[in-house]
Structure formats: structure tokens, C-alpha cells
Number of protein chains: 2
Amino acid sequence: MKISSQEEYGLRVLLRIASCKDAEGISIPQLSEAEGLSSHYVAKLTRSLRLADIIKSTPGSKGGYLLARSASDIIIRDVLAELGGVMFDKGFCGRHNGIANLCTNSVNCSVRSLWRVVQVTVDRLLSKITLEDLLSSEKDSLHVLNSLVEV
Amino acid sequence: MKISSQEEYGLRVLLRIASCKDAEGISIPQLSEAEGLSSHYVAKLTRSLRLADIIKSTPGSKGGYLLARSASDIIIRDVLAELGGVMFDKGFCGRHNGIANLCTNSVNCSVRSLWRVVQVTVDRLLSKITLEDLLSSEKDSLHVLNSLVEV
DNA sequence: TTTTAACAAGACATAAAAGTAAACATTCAA
DNA sequence: TTGAATGTTTACTTTTATGTCTTGTTAAAA
């Protein structure tokens, strides 16, 4: 249960795009420079975000990336699901059944219940957070985020 | 942010050990058979758990594994930290700074705040759950676990 | 004391994720 | 219409996580 590189870098790139004031958007070279990532890698990340309809691109000279919708409509849960997948997805038990053909815990699987609870908890948290919440300065966003934890 | 194989299999093996009634404990071959994992792989998982003082072993013939302490004293957060590491650990930013030497977000890093909130939330949940909570049948443990979510 | 069944440890092979590179397509402007 | 700057796509390399294999150690019982 670790945060993947794609989640980290993808989210950073998305924040750069979101905070871009230019109507033409921000280009791959600019994102690459700002985050210290190779331009090819930035392209790979933006591709995921674009296919998920989180950002939009204009190719050609003077091209770049812009948010596909307003920051307050972009839910962080959706962004992370795109970048890093779901923690406990439908195929999980099928992929983790050892040598046997069926999950040996299929009847009495308390582990599965645990994952479900963790998943629900994280999902519930991330659903409350929008891209807009992350756009303020660290202090402010810390404040907003902490208020979610302190409930 | 996915559940790793070690977390899944390690927890299953731990549950088998915990539910073993035999005073001599349960052996690697038995665990291997029960979970459909190779005995070598089981050995690797039990090694982590043993080094973390979660289980104890008796080598030699008639050997096997037993819990190192009572199930109600084994916190699931500690078990998962051993098996899968911490979600957002101290070295995370250092490892994810791109080409630049320093995290380019060091001053104004709302992403870091986000990870912290997620980490705290999951930690808080997993700290409330003990191995004992997972030992009951699926229905029962679901009930116990769900009560934690429904707060 | 020897055999046997178990655990222990680290090296090795394989699979998946991360990151790079190269060839291509699109748009704007001169 | 040409070229420069941009995004797009696919294939490749490297790294990390996963799982296997080999060799060694321990302790009970014959």
C-alpha cells in the first residue's frame, strides 16, 4: 500500500496545469522544466490525464494543456484512480489465489473485508477533495485538508 | 496506491497461524498447503513476521509457528507496515524529485499535504483493528469492521 | 549418533512498473 | 507551402517487486 510514482508525478503535473494562467495552456517543455521530469515522461503522464478527460490538449505550435473542466469539478479520487488504479479492485482475489484455482479464502475471508473497509475509508476521504482544494498555498491547503481529518 | 501481494499473502498466513489450535504451532508445509503458496514463499513471508516479533518459530522436527503475543495485542497497522511498508514515508519526497536535486515542490507542496492526510486516515483506521477482529467468521468480522467505517 | 522433518538465509530468475527514446502527426506563422 | 514548435503513439531499456531455488541450521526421535 504505497503511493506510486505515477500518482505523485501525475498529480504534480496536473497541479501545474491547473495553476496555469495562460489561455493557451502550458506546454510539455514547460511542465518538464517545472517538475524536473523528462519531456517524454511528462507526455506519458498527460496522456493518462487526457484520456480520462481531466485535461485537454491543443496540438501544434502554440499548443499546450488546460483543464478539461473547472478545478472544483475535478475530484481527486478520480484523478488517482486514473493514475494509480484502485486499491482493491474486482480482480484482486482472482489474481491472488496462490497455486490453487480459487481463492482459498473464498468462503471465510476476513482479509477481504479488511481491504474493503480500507478502500471505503480512503475513497470517502478522496471524494471530498477537489483539485481546487490543492491549489491554495501549502498552509491553506493543509488547513482545508486537516479539517477533513479532524472530523 | 495498491495492496501489495506481500500484504495480502502475509496477512493470510498470519491468520492461519493465529487460528491454529495446536500448541506446537503450524508448519510451513501446512501453511503452504492451506494457502496454495510455495513453501519457500511462505518461508519468506513468515521470516518478515518473525523478525517483526509478530510470530515466533520453533525450528527442528515438530517445529512450527505461533503468535508471539495474543491476537488482541497485534495491531493490523503494525503488521501491514512490516509486510508492505508505509504509504508515505520520510524518504518519499527525496526519491521523487525528478531530475532536480531537490523536490521542486519543497516550498509549496500541497501534494505532500494530501498524502499526509491519506496516511493519517488509513493509519487511524488500521490502528483500531487487531488481529483478533479478523479471526471471527467473515460475517462477524465484516460487522466489526463496518462499525469502524460507519462512525 | 544418525536420520528426518522442520525453519533460516541469501542468491537467483521472472514479471511488472518506471522511465527513455524514436518516429509520427498537428497546427500556426512566415 | 514550408518549417518550426508542439502534442501523440509505440517500442524499448532500466529498475523494482515478486516469487523460486539452493544451501545451511536446528531439534526431536529412532
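Protein chains get the first letters and strands the later ones, always in sequence-line order, with residue 1 at the start of each.
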Test: side-chain hydrogen bond (donor to acceptor under 3.5 Å, both in side chains). Region: residues 69-90 of chain A. Which pairs qualify, not counting sequence neighbours?
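Sorted pair list: A/Ser70-A/Ser72, A/Arg77-A/Ser127, A/Asp89-A/Arg95.
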If a pair satisfies side-chain hydrogen bond (donor to acceptor under 3.5 Å, both in side chains) and one of its residues is in residues 38-59 of chain A, list it, with sequence neighbours excluded.
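Only A/Thr46-A/Tyr65 qualify under side-chain hydrogen bond (donor to acceptor under 3.5 Å, both in side chains).
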Please list, in 5' to 3' order, the outermost nucleotides of DNA chain C lying under 4.0 Å from any heavy atom of chain A.
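Answer, 5' to 3': C/dA18 to C/dC28.
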Grouping I, L, V, M, F, W and Y whenever their side-chain heavy atoms are under 4.5 Å apart, do B/Leu11 and A/Phe92 come out in a common cluster?
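Per the 4.5 Å side-chain linkage, B/Leu11 and A/Phe92 are co-clustered.
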Is there a path of hydrophobic side-chain contacts, each under 4.5 Å between heavy atoms, that joins A/Ile54 and A/Ile75?
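The answer is no; the residues belong to distinct hydrophobic clusters.
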B/Met1 side chain reached by A/Leu126 side chain, heavy atoms, under 4.5 Å
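Yes, at least one pair of side-chain atoms sits under 4.5 Å.
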Excluding sequence neighbours, so at least two apart, what forms side-chain contact (heavy atoms from CB on, under 4.5 Å) with [X]?
X	value
A/Gln119	A/Val86, A/Met87, A/Phe88, A/Asp123
B/Ser4	B/Gln6, B/Glu7
B/Ala18	B/Leu67, B/Leu131, B/Leu135

Of the residues in residues 52-60 of chain A, which ones touch DNA chain C at a heavy-atom distance under 4.0 Å?
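The answer is A/Pro59, A/Gly60.
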Need to verify one output field. Residue with the more 5' nearest nucleotide on DNA chain C, A/Ser61 or A/Ile3?
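Its nucleotide being nearer the 5' end, the pick is A/Ile3.
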Hey, which of these two, B/Arg95 or B/Thr46, hits DNA chain C nearer its 5' end, going by closest nucleotide?
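So the residue in question is B/Thr46.
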Please give me every residue in residues 23-31 of chain B whose heavy atoms get under 4.0 Å of an atom in DNA chain D, ordered by residue number.
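Output list: empty, so none.
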Would the distance check show the side chain of B/Ser32 and the main-chain N or O of B/Leu37 forming a donor-acceptor pair, the cut-off being under 3.5 Å?
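Present.
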Once you round it to whole Å, what is the distance between [atom2] of [N] and [atom1] of [X]?
X	N	atom1	atom2	value
B/Tyr9	D/dT18	OH	P	11 Å
A/Met1	D/dA17	CE	P	16 Å
B/Leu83	D/dA17	CG	C1'	14 Å
B/Glu7	D/dA17	CD	P	12 Å

According to side chain to side chain donor-acceptor pair (under 3.5 Å), who are the partners of B/Thr121, at least two apart in sequence or on a separate chain?
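Applying side chain to side chain donor-acceptor pair (under 3.5 Å) to B/Thr121 gives none.
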Does any pair with a residue in residues 12-37 of chain A pass ring pair (Phe, Tyr, Trp, His ring centres under 6.0 Å), and if so which ones, sequence neighbours excluded?
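Ring pair (Phe, Tyr, Trp, His ring centres under 6.0 Å) check on residues 12-37 of chain A returns no pairs.
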Pairs of donor and acceptor atoms involving the side chains of residues 22-29 of chain B, under 3.5 Å and at least two apart or interchain, shall be tabulated with distances.
{"unit_1": "B/Asp22", "atom_1": "OD1", "unit_2": "B/Glu24", "atom_2": "N", "d": "2.8"}
{"unit_1": "B/Ser27", "atom_1": "OG", "unit_2": "B/Gln30", "atom_2": "N", "d": "3.3"}
{"unit_1": "B/Ser27", "atom_1": "OG", "unit_2": "B/Gln30", "atom_2": "OE1", "d": "3.3"}

Going through the checks in order, is the side-chain contact (heavy atoms from CB on, under 4.5 Å) test met by A/Val111 and B/Leu134?
CA-CA 7 Å; A/Val111 178; B/Leu134 301 184; 5.6 Å; no
Would you tabulate the nitrogen or oxygen pairs shorter than 3.5 Å linking the protein to nucleotides 9-16 of chain D?
{"unit_1": "D/dT9", "atom_1": "OP2", "unit_2": "A/Arg47", "atom_2": "NE", "d": "3.4"}
{"unit_1": "D/dT9", "atom_1": "OP2", "unit_2": "A/Arg50", "atom_2": "NH2", "d": "2.6"}

Think B/Ser5 has a side-chain N or O under 4.0 angstrom from the OP1 or OP2 of D/dA17?
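No, no such contact exists.
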